[in-house]
Amino acid sequence: MTISSPLIRILRRRDYKTASIFLNGILKGTLSFRSEDVLNCLKSGCPEIEFLAVKILKKFPGRFKKEEIKEFLEMEEEEVNSFLKNRAVEFIFPVVSEKGGKIAKGIAVQLDSNRIISNNEKVVSIPLLEKGYLVFFDSKFEGNSFQAPFLVAVSLGSYPRGYLLTGTVDSNGEIYADKIEEKQRIANENGRVLIYGGNVMPLIKIFKERKIDLPLLLSTTSDISSLHRLCRAANMNVEMVQRLTGVAENEFLFSLPQYIPVEKNWCDYVLDAREHFYKLKSIVENSIDRAVFHVALRMPSPLAMGIGASIGTGKIPLALYHFESGKYVRMIDLTENSRKIKKRKNVWNSIAVSKDIRYENSKSCVVGIQLASHQIEGRALDELIETVRGDLFFIEHREHVGALPMDSNWTEIVAEINSAIADIHKEYSEIHIVMSVPVVVAFALGMALGHYWNINLYQFDNVKGKYVNVVNLKEIPVA
């Protein structure tokens, strides 16, 4: 007479709670087991028990005979071989029922066939799959909301940390989800970001690269349409970004006062903008390793240069967009190597630098940078030179007068200007910058210069008709 094991007796009583504890003890290595008992669990009728049995099969494959696995999972021989060889991938998804909601678990193993083997009889096909899979779940549920999390998990080889995915996927990869309010509550209760909607393929790409592109418009006008134009220029789905980050759309628009008084030191605005950069970066990188910012600016150039200087290079990968003819255009790409704008240039192919000695042995100088159609105010410039009792350096494009050509290499131009100012700094301990440049050039040049030299930035005061010092780069605190 065959004596039944404790596990079989528990299953016969349908005491699935105790059976679950027993199987988890096997997984932890604290309980011994008979292979036939675990195999019988695959036919228990309880999803949780069947799910745990598959986990045990994958953790202790040497304890089971291929013929037994073939019989109990109703597999072909090549499917058994691939089941034992291929790695199991676990995933989670929210399920909602009349009794409430919870997080359900699934386990998937790729098979050398084209069919789906599951303990949910309604799961017979999954879009976008080229291979078959064994897919077991620990819970009963209705619908196909497991498809998006399943596809993401098997594509990555793991489930993305910090997230809760849900949604049915169509043949084009589009994700459709329902009961969002209830699922959002489940996500919140478990400290996860709920992802639903959009397309599964770019979602997989983001998780695979561990990188997400973020829009950021820093502007003196609260214009959400400009943020949308920036997103279109960067080929970015702002709704997907919101879902992935949990950040509200208006957080990607950093609004400054429409009128910024020149009588006030602008360092506070610089620090507020820097704090916003780092806040977004921190939120995103809690779940995704790398945030790449796509930045557009609508503000006075001295403020943009100050913000750029406060951030510096090597910390935040970003691309800078210039507004031209009703649209944003990427002009400076620092997504992979922001330090290239600091690379010293011994030969300047794009800029010309002239020098006018005004005061003998002066350690102070004014640097005028003319790279836009609006001209630097000559009389106000002379008044500033007299006030600081310094010499004059004038930087302009070597070939073009007026607006900086869109087809020129703005990244190289910034590197050349930075090199020129670095050479000037060798002779002058105090530098005063007056500029008429595209805002993104000012921002990038600020990044290259940093905030370690005694460099004063000036804004023209239309009322008083003179240049006013609004930011000193050296006074910007280290982050």
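Please read these numbers as outputs of a predicted model, since none were measured by experiment.
Shortest non-hydrogen contact noted between S5 and D37 is OG-OD2, 2.6 Å. Contact detail for E130 and N114: the closest heavy-atom pair is O-OD1, 3.7 Å. The two residues T220 and P300 have their closest heavy-atom pair at CG2-CD, 4.4 Å. Closest of all the heavy-atom pairs between Y328 and A296 is CE2-CB, 3.4 Å. Closest approach of P94 to L194, counting heavy atoms only: CG-CD1, 4.4 Å. Closest of all the heavy-atom pairs between A104 and V95 is CB-CG1, 3.8 Å.
The cationic atom of K58 (NZ for Lys, CZ for Arg) lies less than 6.0 Å from the six-membered ring centre of F83 and within 45° of the ring axis. A cation-pi arrangement is found for R243 relative to Y196, the charged atom lying closer than 6.0 Å to the ring centre and inside a 45° cone about the ring normal.
For K279, the side chain to side chain donor-acceptor pair (under 3.5 Å) test picks out E251, with sequence neighbours left out. Checked against side chain to side chain donor-acceptor pair (under 3.5 Å), E209 has the following partners two or more places apart in sequence or in another chain: K205.
Tested against L42, the residues N119, L57, I56 include a single side chain to side chain contact (heavy atoms under 4.5 Å, CB included) partner, L57.
Between H276 and F254, the ring planes lie tilted relative to each other; the angle falls in the 30° to 60° range.
Counting heavy atoms from C-beta outward, L164 and I92 have side chains that approach closer than 4.5 Å. For the pair L203 and L244, the minimum side-chain heavy-atom distance is below 4.5 Å.
Side-chain atoms of W410 never come within 3.5 Å of backbone atoms of D333 as a donor-acceptor pair (strictly under, hydrogens ignored). Using modelled atom types, no side-chain atom of S113 and backbone atom of G132 make a donor-acceptor pair closer than 3.5 Å. The backbone N or O of E36 sits less than 3.5 Å from a side-chain atom of N40, completing a donor-acceptor pair. With Y16 contributing its side chain and I49 its backbone, the two residues share no donor-acceptor pair below 3.5 Å. Using modelled atom types, one side-chain atom of S338 and one backbone atom of G314 make a donor-acceptor pair closer than 3.5 Å.
Contact check on E78 versus K85 returns no salt bridge, with no Lys/Arg side-chain nitrogen under 4.0 Å from an Asp/Glu carboxylate oxygen.
Heavy-atom contacts from other residues, nucleotides or ligands closer than 6.0 Å to CD of E77 number 12 or fewer. Few gaps surround NZ on K59; more than 12 heavy atoms of other groups in view lie less than 6.0 Å from it. Around atom NZ of K66, no more than 12 heavy atoms belonging to other residues, nucleotides or ligands sit under 6.0 Å away. Other residues, nucleotides and ligands place more than 12 heavy atoms under 6.0 Å from the CZ atom of R290.
Side-chain atoms of N188 and Q184 include a donor-acceptor pair closer than 3.5 Å. In summary, the side chains of T411 and K340 do not present any donor paired with an acceptor at a separation below 3.5 Å, with no hydrogens or angles considered.
Separation of atoms CZ (F293) and CD1 (I311) is listed at 8.5 Å; rounding is to 0.5 Å.
Between F150 and F91, the gap from one ring centroid to the other is short of 6.0 Å.
The salt bridge (charged side-chain N to carboxylate O under 4.0 Å, His left out) pairs that include a residue from residues 168-193 are D178-K183, R185-E189, where partners are two or more places apart or lie in different chains.
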